[in-house]
2 protein chains.
Amino acid sequence: MNTAVNNTKNILLSKGITPTFQRIVIYEFLDQNRIHPNVDTIFAMMTKQIPTISRTTIYNTLNLFMEKNLVSGLSLNGNEMNFDINTHPHHHFYCTICKKITDIEITCPIGKNKLKNPSNHLIQEVHGYFKGICKDCLSAPSLDK
Amino acid sequence: MNTAVNNTKNILLSKGITPTFQRIVIYEFLDQNRIHPNVDTIFAMMTKQIPTISRTTIYNTLNLFMEKNLVSGLSLNGNEMNFDINTHPHHHFYCTICKKITDIEITCPIGKNKLKNPSNHLIQEVHGYFKGICKDCLSAPSLDK
DNA sequence: GTTATTGCAAAATATTTGCATTATA
DNA sequence: TATAATGCAAATATTTTGCAATAAC
């Protein structure tokens with residue numbers, strides 16, 4: 001008996017999601033690889049484990065996970081969604097050179113304190129992200145900055 | 001002599017942009033309508049003034065304006081870019097009901113104070129936005145929330 | 001008059017939809 | 001076995017590209 005899979009099954013069931021094989025594998029990939037992958041990356045990785053999986057199932061699953069607040073969607077570069085398993089509140093950093101998305105821990109969290117909301121809008125989600133050049137790309141000697 | 005157009009010409013020239021008729025009209029639309037429009041909205045409005053304008057020119061112009069830091073691109077819903085004339089730093093609110101994007105003035109600006117950057121990344125852009133239901137949609141009596 | 005810009009058509013990329021097959025409970 | 005999920009193919013949406021016609025200086 002696989003404990004990790006059973007744990008995932010319980011998480012999905014607790015959210016009212018039928019724990020199909022595909023959904024379990026996608027969930028575990030997101031949980032164990034915190035790289036904010038896009039659909040293409042998820043599809044490529046899933047194909048290794050489930051050769052017959054389709055992009056439609058990836059999209060179906062991610063949209064379902066978003067509805068059920070299991071994952072959140074990041075829209076950072078205007079042309080694709082990136083996916084993140086919801087845990088504690090944090091922001092993101094997008095490197096314009098290597099395109100990697102990394103987590104930024106929040107010291108002064110947007111929306112968490114001292115943020116006046118003079119607009120009377122109902123705020124349901126708070127998103128903060130930065131763009132720039134990550135430290136790895138900064139230290140790469142061959143790069144023009 | 002049109003003073004507003006001459007002013008726009010000077011702004012474009014100061015950024016090293018050849019002030020063509022199309023670019024001037026697009027710039028003035030963005031400047032006078034702070035509604036964070038997408039390409040479709042800009043195209044529809046431009047067509048009224050320049051019936052022969054093409055989507056390609058809209059894209060060319062917006063990409064050029066972004067390169068020259070005249071406008072910034074917002075990626076809020078994962079399926080399109082919205083455009084904003086760069087002025088003072090501010091955040092955005094995206095209403096999931098009416099899809100309007102409004103400005104949020106910054107009290108505790110993300111990236112402006114007390115934000116520790118333990119990552120040593122070079123931060124070039126700071127983006128903060130909220131999602132929820134705007135006050136107009138909240139007060140609309142016929143709506144399920 | 002030379003170079004840069006525009007605009008059409010086609011391509012590329014990302015996501016959704018219709019529907020028949022298959023899996024789940 | 002009834003219902004829900006999967007996966008293929010086609011459709012839709014957004015943005016980019018190649019290139020000939022046109023405009024800017």
Side-chain angles (χ1 to χ4, degrees), chain A residues 5-6 8-10 12-27 29 36-44 46-68 70-71 73-83 99 101, chain B residues 5-6 8-10 12-27 29 36-68 70-83 99 101:
Chain A
V5 167
N6 267 329
T8 298
K9 274 190 185 176
N10 289 333
L12 297 183
L13 284 170
S14 75
K15 292 278 184 174
I17 299 172
T18 306
T20 67
F21 182 46
Q22 287 86 342
R23 288 170 178 173
I24 291 166
V25 173
I26 293 170
Y27 182 91
F29 172 74
H36 318 85
N38 61 14
V39 167
D40 247 37
T41 301
I42 297 170
F43 179 68
M46 292 308 94
T47 299
K48 294 184 181 177
Q49 294 179 66
I50 313 174
T52 58
I53 203 168
S54 70
R55 275 192 169 74
T56 304
T57 297
I58 310 285
Y59 279 107
N60 285 343
T61 301
L62 292 169
N63 287 339
L64 181 66
F65 284 2
M66 282 198 289
E67 273 168 37
K68 303 291 187 178
L70 265 181
V71 309
L74 312 178
S75 173
L76 270 61
N77 57 7
N79 43 288
E80 67 186 2
M81 269 285 204
N82 296 86
F83 298 91
K99 318 296 185 196
I101 299 165
Chain B
V5 167
N6 267 328
T8 298
K9 275 189 184 175
N10 288 334
L12 297 183
L13 285 169
S14 74
K15 292 277 185 174
I17 298 172
T18 306
T20 67
F21 182 47
Q22 287 86 341
R23 289 170 178 173
I24 290 166
V25 173
I26 292 171
Y27 182 91
F29 172 74
H36 318 86
N38 61 13
V39 167
D40 246 36
T41 301
I42 296 169
F43 179 69
M45 298 309 288
M46 293 307 95
T47 300
K48 294 183 180 178
Q49 294 179 65
I50 314 173
T52 59
I53 203 168
S54 71
R55 276 193 168 73
T56 304
T57 298
I58 309 285
Y59 280 108
N60 285 344
T61 301
L62 291 169
N63 287 340
L64 180 66
F65 284 2
M66 282 198 289
E67 273 169 36
K68 303 290 187 179
L70 263 181
V71 309
S72 58
L74 313 178
S75 173
L76 270 62
N77 57 7
N79 41 289
E80 66 185 3
M81 269 283 204
N82 296 86
F83 298 91
K99 318 296 185 197
I101 299 164

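All chains are named by letter (A, B, ...) in the order of the sequence lines, taking the proteins before the strands, and each is independently numbered beginning at 1.
Side-chain proximity of A:S54 to the nucleotides D:dC8, C:dG7, C:dT15 is greatest for D:dC8. Residue B:E80 places its side chain closer to D:dT15 than to any other of C:dT6, D:dT6, D:dT15. Comparing atom distances between the A:Y59 side chain and each of C:dA14, D:dT15, C:dT6 picks out C:dA14 as nearest. For B:R23, the side-chain atoms get nearest to C:dT6 when compared with the rest of C:dT6, D:dT6, D:dT15. You'll find that the side chain of A:T56 is closest to D:dC8, out of D:dC8, C:dT15, D:dA24.
A side-chain contact (heavy atoms from CB on, under 4.5 Å) with A:R55 is found for one member of A:N60, A:D40, A:T47, A:I42 and no other, namely A:D40.
Residues B:S75 and A:G78 come closest through the heavy atom pair OG-N, 3.2 Å. Taking both residues in full, the closest heavy atoms of A:R23 and A:F65 are given as O-CZ, 3.7 Å, listed atom of the first, atom of the second, then distance. Taking all atoms of both residues into account, the shortest heavy-atom contact from A:V71 to A:L62 is CG2-O, 4.2 Å.
Counting any heavy atom pair closer than 4.0 Å across all strands shown, A:T18 reaches sugar-phosphate atoms only and no base atom. In this structure, A:D40 reaches neither bases nor backbone, as no heavy-atom distance under 4.0 Å exists between it and the strands shown. Among the atoms of the strands shown, only primed sugar atoms or phosphate atoms (P, OP1, OP2) are found under 4.0 Å from some heavy atom of A:N63. Counting non-hydrogen atoms under 4.0 angstrom, B:N79 reaches the backbone sugars and phosphates but no base.
The closest side-chain heavy-atom distance from B:T57 to B:M46 is not below 4.5 Å. Residues A:T20 and A:T61 fail the side-chain proximity criterion, which asks for heavy atoms closer than 4.5 Å. With a 4.5 Å cut-off on side-chain heavy atoms, A:V25 and A:F29 do not count as touching.
A straight line from CD1 of A:I53 to P of C:dT21 spans 21 Å, rounded to a whole angstrom. Rounded to whole angstrom, the span from the CD1 atom of A:I58 across to the C1' atom of C:dA14 amounts to 14 Å. Rounded to whole Å, the distance from CG on B:N60 to P on D:dT17 is 10 Å. Between B:L62 atom CG and D:dT15 atom C1' there is a gap of 12 Å when expressed in whole angstrom units. Following rounding to the nearest Å, A:L12 (CG) and C:dT24 (C1') show an atom-to-atom distance of 14 Å. Spacing between atom CG of B:N77 and atom C1' of C:dT16 amounts to 15 Å, rounded to whole angstrom units. Taking atom CG of residue A:L13 and atom P of nucleotide D:dA4, one finds them 16 Å apart after rounding to whole Å. Regarding A:M81, its CE atom lies at a distance of 17 Å from the P atom of D:dA13, rounded to whole Å.
Of the residues near DNA chain D, A:T52 and B:P19, the one whose nearest nucleotide (by heavy atom distance) lies more toward the 5' end is A:T52. Take the nearest nucleotide of DNA chain D for A:R55 and for B:T20: the residue whose nucleotide is more 5' is A:R55.
Atom CG of B:N79 and atom CG of B:N38 lie 9.5 Å apart (nearest 0.5 Å).
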N/O-N/O pairs, protein side and nucleotides 1-3 of chain C side, under 3.5 Å:
none

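Contact annotation: A:Q22 reaches the phosphate of D:dG7 (side-chain N/O to OP1 or OP2, under 4.0 Å).
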